[in-house]
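First the structure, in the form of structure tokens, and then the observations on it.
These figures come from a predicted structure and were not determined experimentally. Computed over heavy atoms, backbone and side chain alike; hydrogens, waters and symmetry mates excluded. In what follows, every chain begins at residue 1, and chains take the letters A, B, ... in the order their sequences are listed.
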Amino acid sequence: MSYRRIYATVRRIPRGRVATYGQIARLAGIPRQARQVGYALAALRDGDADAVPWHRVVNAKGEISRRATPGSDELQRVLLESERVAFDSLGRIDLRRFLWRAG
DNA sequence: CCGGTGACGCGCG
DNA sequence: GCGCGCGCCACCG
């Protein structure tokens, strides 16, 4: 399948907000396939942040999911902080404040 | 075909 | 709130 629907949904996340993998999966019409969302985002090339704001997708606990290649998650945090998304001392985002409520 | 592998999520203790 | 186990399912070798 193509990741078209996934990317289209991620593009809807507004600046300064975040969505979870599971949430994107549901909105994209593929419920219970949160892993596919991560897989799709992993397929993006570096520099695609303009077209697809992949950094606005975090896990259900509000934290940045660890990648195979360490260090790339640092970039995600920097990008989020640059749009005023706050992290607590444990590196977690308060989803009550920053979760994107679609619709 | 088959088994291993995830940028995941949820229920349980 | 935390770790653990298990379910999920497309991909890949």
query = Atom CD1 of A:Ile30 and atom C1' of C:dC8: how far apart are they, to the nearest Å?
reply = 12 Å

remark   = Distance col, row A:Ile64:CD1 vs A:Ile93:CD1, nearest 0.5 angstrom, shows 6.0 Å

request  = Could you pull out the closest heavy-atom pair between A:Arg17 and A:Leu99, with the gap in Å?
outcome  = NH1-O, 3.0 Å

inquiry  = So that I can compare with my own list, what are the stems of DNA chain B, taken as at least three consecutive Watson-Crick or G-U pairs with distances under 3.5 Å?
reply    = B:2-6 with C:9-13, B:8-13 with C:2-7

ask   = Between residues 80-98 of chain A and DNA chain B, which residues have a heavy-atom gap below 4.0 Å?
value = none

ask   = Which residues, if any, of residues 7-16 of chain A bring a heavy atom under 4.0 Å of DNA chain B?
value = none

query = Of the non-hydrogen atoms in A:Ile6 and A:Ala40, which two are nearest, and what is the gap between them?
reply = CD1-CB, 3.8 Å

query = So if you build clusters from Ile, Leu, Val, Met, Phe, Trp, Tyr with side-chain heavy-atom gaps below 4.5 Å, do A:Trp100 and A:Val85 land together?
reply = no

inquiry  = Is the shortest side-chain heavy-atom distance between A:Phe87 and A:Leu80 below 4.5 Å?
reply    = yes

message = Could you tell me if A:Gln76 and A:Arg56 have a donor-acceptor pair between their side chains, going purely by distance under 3.5 Å?
response = no

remark   = Looking only at heavy atoms, the pair that brings A:Ala43 and A:Tyr7 closest together is CB-OH, 4.0 Å

What's touching nucleotides 7-13 of chain B from the protein side, N or O pairs under 3.5 Å?
residue, atom, partner, partner atom, Å
B:dA7, N6, A:Leu41, O, 3.4
B:dA7, N1, A:Arg67, NH2, 3.2
B:dA7, N3, A:Tyr21, OH, 2.9
B:dA7, N3, A:Arg67, NH2, 3.4
B:dC8, OP1, A:Ser65, OG, 2.7
B:dC8, N3, A:Arg35, NH1, 3.2
B:dC8, N4, A:Arg35, NH1, 2.6
B:dG9, OP1, A:Tyr21, N, 3.3
B:dG9, OP1, A:Gly22, N, 2.8
B:dG9, OP2, A:Ala60, N, 2.8

task = Please collect all salt bridge (charged side-chain N to carboxylate O under 4.0 Å, His left out) contacts where either partner lies in residues 25-38 of chain A, sequence neighbours excluded, each pair once.
result = none

inquiry  = Would a single hydrophobic cluster contain both A:Leu75 and A:Val18, if residues Ile, Leu, Val, Met, Phe, Trp and Tyr are joined by side-chain heavy-atom contacts under 4.5 Å?
reply    = no

Heavy-atom closest pair, residues A:Gly91 and A:Arg77 = CA-NH1, 3.9 Å

request  = Using side-chain contact (heavy atoms from CB on, under 4.5 Å) as the criterion, list what pairs up with A:Ser82, not counting sequence neighbours.
outcome  = none

task = Using the side-chain contact (heavy atoms from CB on, under 4.5 Å) rule, pick out the option among A:Leu44, A:Leu27, A:Val52 that qualifies with A:Val10.
result = A:Val52

